[in-house]
Every structure is written in structure tokens, then in C-alpha cells.
Amino acid sequence: MKWSDVLQFAGKGNLTPPKRVVKGDEDWKKILTPEEFHVTRKKGTEQAFSGEYCQAHEPGLYACRCCGTVLFDSRTKFESGTGWPSFTDSIEPNVIKYTKDVSFGMTRVEVECSVCDCHLGHVFPDGPKPTGLRFCINSFSIKLVGQI
């Protein structure tokens, strides 16, 4: 994945997800804490340096907190110094949905789980090699599952 791919997906549409999970707010509230619901379903952002995975270095796979779809591999996680867990790539290209975000007077690319539309965070073109991408992800949006 390259930045040009991200921009193309954000502007012209995303890959087909492996499956779809659709629930209403009341169903999500039954399985998420109020903080998780705010971030994942209402596009909130946790405070920088406060998330449980900001400084985590355990090997494993990170899944969507809402639907359990595996999104990231810890081998692509890096210390960005931004205060949020950061990854250089997703585990598969079709598990992430890219959307142009013009909120707060900025133009960014929002990333969501393509399976359930969980707000994950944003992606930026200032990450390390090999992709040059920085997926800046809220800890409330993911959970560490399984070993590699």
C-alpha cells in the first residue's frame, strides 16, 4: 500500500470487505463501554498517550474492537511519538475503508474497519519504510488478539 493508493481509495471507493457486520447504536452500546462507543461509533478520539496500546510491544494481531476483524499485525507497529498506536500497513488491503475527512478545518484521510464501519483513526504519509504510511489508531478501536 502506498499513499497514492490511499488517496485513490478515499476519492474513488474502497475494496470490497471480506464480510459486513451491521448493527444499530443500541446493539453496539450493549457490547462497548461508553468511551469505546464514543470513539468507534461516533468518530471520537482518545486523548494522546492515554490508550492501552500506545506503548504496547507484545507480539500479536490487532482486531477491530467492534466486530473482531483482524486489522493489523504487531510487526508493523512502530513508535511514532504521536501518542497513538501507529502501524505502517493493514493486515489485508480490504479490511480498511478510507474516507476523506475535512473536519476541524483540516483535510485528512479517516480509516475505518471495512466490515463494521468502526472509526479507527487516520492515515498519514509520514511513516517509515516500507510503506511510508502511518496508520494512527485509537486504542479504544482495537484489541490485541492471539499470537503471530
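Reckoned from all heavy atoms, side chains included, excluding hydrogens, waters and symmetry mates.
Taking 4.5 Å as the limit, some side-chain heavy atom of Val6 sits within range of a side-chain heavy atom of Met1. The shortest side-chain heavy-atom distance between Val115 and Cys64 does not fall under the 4.5 Å cut-off. Side-chain contact between Leu120 and Leu71 is present, with at least one heavy-atom pair separated by less than 4.5 Å. A heavy-atom distance below 4.5 Å is found between the side chains of Leu32 and Arg65. Under the 4.5 Å side-chain criterion, counting only non-hydrogen atoms from C-beta, Val109 is in contact with Trp3. Proximity of Pro17 to Lys97: side-chain heavy atoms (C-beta onward) are nowhere separated by under 4.5 Å. Residues Glu110 and Val123 are not in side-chain contact: their nearest non-hydrogen atoms beyond the backbone lie 4.5 Å or more apart. Using a 4.5 Å heavy-atom cutoff, the side chains of Phe72 and Leu61 are not in contact.
Results of the side chain to side chain contact (heavy atoms under 4.5 Å, CB included) test with Thr131 over Asp89, Thr76, Asp5 single out Asp89 as the only residue that passes.
Apart from Val39 itself, the hydrophobic cluster it occupies contains Phe140, where clustering links Ile, Leu, Val, Met, Phe, Trp and Tyr at side-chain heavy-atom distances under 4.5 Å.
Not one N or O on the side chain of Arg41 forms a donor-acceptor pair closer than 3.5 Å with the backbone of Cys66.
The ring of Phe87 has its center no closer than 6.0 angstrom to the ring center of Phe78.
Pairs of residues two or more places apart, or lying in two chains, that qualify as ring-ring contact (aromatic ring centres under 6.0 Å, His included) and include a residue from residues 13-59 are Tyr53-Tyr62.
Remark: Lys42 does not engage Glu35 in a salt bridge, criterion side-chain N to carboxylate O under 4.0 Å.
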